[in-house]
Amino acid sequence: MPRLSRLMSENLYDLLSSRGFVAQSTDAEMRQRLASPVATYVGFDPTADSLHVGSLVPIMGLKWLQQCGHKPLVLVGGATALVGDPSGKTAMRQMLTREDINRNAAAIAKQIGQVVRFDESATGAKLVNNADWLVNKSWIELLREVGPHFSVNRMLTMDSVKGRMENGGISFLEFNYMVMQAYDFVHLYRTEKCTVQMGGQDQWGNIIMGMELGRRTADADLAGLTFPLVTKSDGGKFGKSEQGNIWLSAERTPVYDFFQFWRNAADSDVAKFLGFFTALPMDEVKQLTAFYDERMNNAKEVLAYEVTKLIHGLTAADQALSDTKKAFGASHDVTGDSIPHANIQASELEAGIGLLPLLVRASLAASNGEAKRLVAGGGVSVHNDRIDDPGRKVTTADIKDGYVLLRAGKKKHFRFDVQ
RNA sequence: GGGUAGAUACCGAAGUGGCCAAACGGGGCAGACUGUAAAUCUGCUGGCUCACGCCUUCGAAGGUUCGAAUCCUUCUCUGCCCA
C-alpha cells in the first residue's frame, strides 16, 4: 500500500490545507502540533437520526485525521441537544427526549463509521457523549468550577454572540452553550488527552472559550482549527435540493437522488467538492477539472461516484452510476433498480388513471395543482412524449416494455412497473 | 414591572374596510438554449375542481360590519427604551 504509507507520513495540516479544509487556526504552529499524533475532537448534534451532506466536511476531517495517525474523538452533543438548541432562531426547537437523542446518536455514529474506523487502536475513533459528564452536574457545582473563569465581557466580544445580539438577541440558555462546549473540551483534555478541537466556522468562538478554560483550569495548551463553510459558487445554500436537505441516510435521501445531487454540481464547484468530499489525490482532482467544458461531466461523474461510494458503499455506487448512465445515455434505459419506481396494478391502467394524481403518487408533484402547472408548463412526459392535456388518462396503451415512465423536467423520472 | 414598535405566504417586504389568494424582490419549479453545467430570456409559484366556482390563509381567540389582512377587545410572542 504505497499510497497509504505516504499518507501516514504526511502532515495532517498540509493535507487539510491543500484540500481546502482550513478556514482558521488558533495556533500559528498548528503544523508543528500535528507533526506527532494527537487526540482531536469534533462535535456533532444528535438532533436528527441522520446527518446531512453539510456534516460531510467534519467527517472527512476526521477521516484524514485518522489516516495521518491521529486519534479522532467523535463527540455527540447529547447534553446540548437535551436542552434544545435555540439557534436558528425560528420557533424554539422541540425538546428531544433522552431516548430520541440516544437513538439519534447511535444512528449518527453508524454513519460516521462508514467513513471513519472506530476501534480500540491508537488511531481508532472513539465515540463520546457529553451527556455522560454534563447531565449529572449540578448547577452550583458547575458554577463554582467554571464560573469564575468565564468573563462575560469576553464572551460578549465573541462574534457568535455579537451577531445574535445585533439581530434578535440571545437567550441565557444559548449564551450557556458556549460554556458547555468549552467544558467539553477541557473534559476531553483530562480524560482523553485531547488537545485539538476541529469544527465548522461557527464553532470558532466555542473553541476559543474551551482553550481559555483549559489554560485557566488545567494549565492545558489546547488548540483548534475550523473548517470553512461550504458555499456554492452561485451563492445558493449547499446541501439543499428542491426536495430539501440531502441526507446521508438512504431512507431519507435515496441513493439515486444522492448520486444525482453530486452529479448536478456546478462546474465551478466540482474541484472544491472533490477536495472536500473525496479522497482523490489533489493532482488528480486538478487534472479532472482542468477544462471548463463538457469534459467537466466526467469529473462530476467521478465526484458523484466517489461520494456515493464513501457513504453508501461500493455496490450502491456502482448501481447508481450504471443506472444513471443508462438513463441519461442514448438508450434512455430507465429500468435500473435504483431509478425511483413503484408497482402499479394492470387493472388500474385498464380503468385509466388520471395523469395528475399519478404524478402526485410518483412524488413528482406535491399536489394536483402543482402537477397541473407542471403539465401546463410543458414539463411532463409519458415515456418520451410531452403531454399538454392535464386531463390525460394514463392507460394500458402507455405501457412500454412492462412499465410506464413519467418524466417531470429533463432530469426527474419515475417508473411504474406494471403488475 | 412601565413605555414603545412590531407579528403578512418558503424568506424578505408592501398592503391600513370591498378592486386581496394578497404588490414587489429573493428562492423554488418548468420551458428555450446547453454538457444532467453556468449565464441569459420566458412562464408558473395556497388547496380542490375540466371549468363557472368553492374552500383555507395575513400571530391566536372573540367582536363590529352587508363586507375585515385592514376597525375594536382580550391573549401570545418578538425587538427596542426605561426601571
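Each chain gets a letter, A, B and so on, in the order the sequences are listed, and its residues count up from 1. Quantities reported herein were computed from a predicted structural model and do not represent experimental measurements.
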Complementary nucleotide of C66(B), counting Watson-Crick and G-U pairs under 3.5 Å: G18(B)
Any N/O pairs under 3.5 Å between the protein and nucleotides 8-12 of chain B? List them or say none.
none

Residue pair L288(A) / A299(A): nearest heavy atoms and the distance that separates them: O-CB, 3.6 Å
Presence of salt bridge, D333(A) and K325(A), under 4.0 angstrom: no
N/O donor-acceptor pairs under 3.5 Å from side chains in residues 144-151 of chain A, not counting sequence neighbours:
{"from": "E145(A)", "atom 1": "OE1", "to": "K137(A)", "atom 2": "NZ", "distance (Å)": "3.2"}
{"from": "E145(A)", "atom 1": "OE2", "to": "Y183(A)", "atom 2": "OH", "distance (Å)": "3.2"}
{"from": "S151(A)", "atom 1": "OG", "to": "N153(A)", "atom 2": "N", "distance (Å)": "3.3"}
{"from": "S151(A)", "atom 1": "OG", "to": "R154(A)", "atom 2": "N", "distance (Å)": "3.0"}

Paired nucleotide for A7(B) [Watson-Crick or G-U wobble; both distances under 3.5 Å]: U76(B)
Residues from residues 313-326 of chain A lying under 4.0 Å of RNA chain B - heavy atoms: T324(A)
Sugar-phosphate, base or nothing in reach of G409(A), heavy atoms under 4.0 Å: sugar-phosphate
Contacts of N129(A) that satisfy side-chain hydrogen bond (donor to acceptor under 3.5 Å, both in side chains) - sequence neighbours left out: none
For G1(B), the Watson-Crick or wobble partner whose two distances fall under 3.5 Å: C82(B)
Interatomic distance at P, A23(B) relative to U78(B), whole Å: 30 Å
Span that lies between the P atom of G15(B) and that of A61(B), in whole angstrom: 25 Å
Qualifying residue, where the test is side chain to side chain contact (heavy atoms under 4.5 Å, CB included) with Q111(A) and the options are I59(A), L248(A), D49(A): L248(A)
Output field: ring centroids H52(A)/F258(A) closer than 6.0 Å: no
C1' spacing across the pair G53(B) / C71(B), given as an integer number of angstrom: 30 Å
S367(A) side-chain N/O to G46(B) phosphate OP1/OP2 under 4.0 Å: no
Sugar-phosphate, base or nothing in reach of R386(A), heavy atoms under 4.0 Å: sugar-phosphate
Please produce a list of atom pairs where a protein N or O lies less than 3.5 Å from an N or O of nucleotides 38-45 of chain B.
none

Any residue of residues 289-297 of chain A with a heavy atom less than 4.0 Å from an atom of RNA chain B: Y292(A), D293(A), E294(A), M296(A), N297(A)
Pairing partner of G12(B) (Watson-Crick or G-U wobble, both distances under 3.5 Å): C24(B)
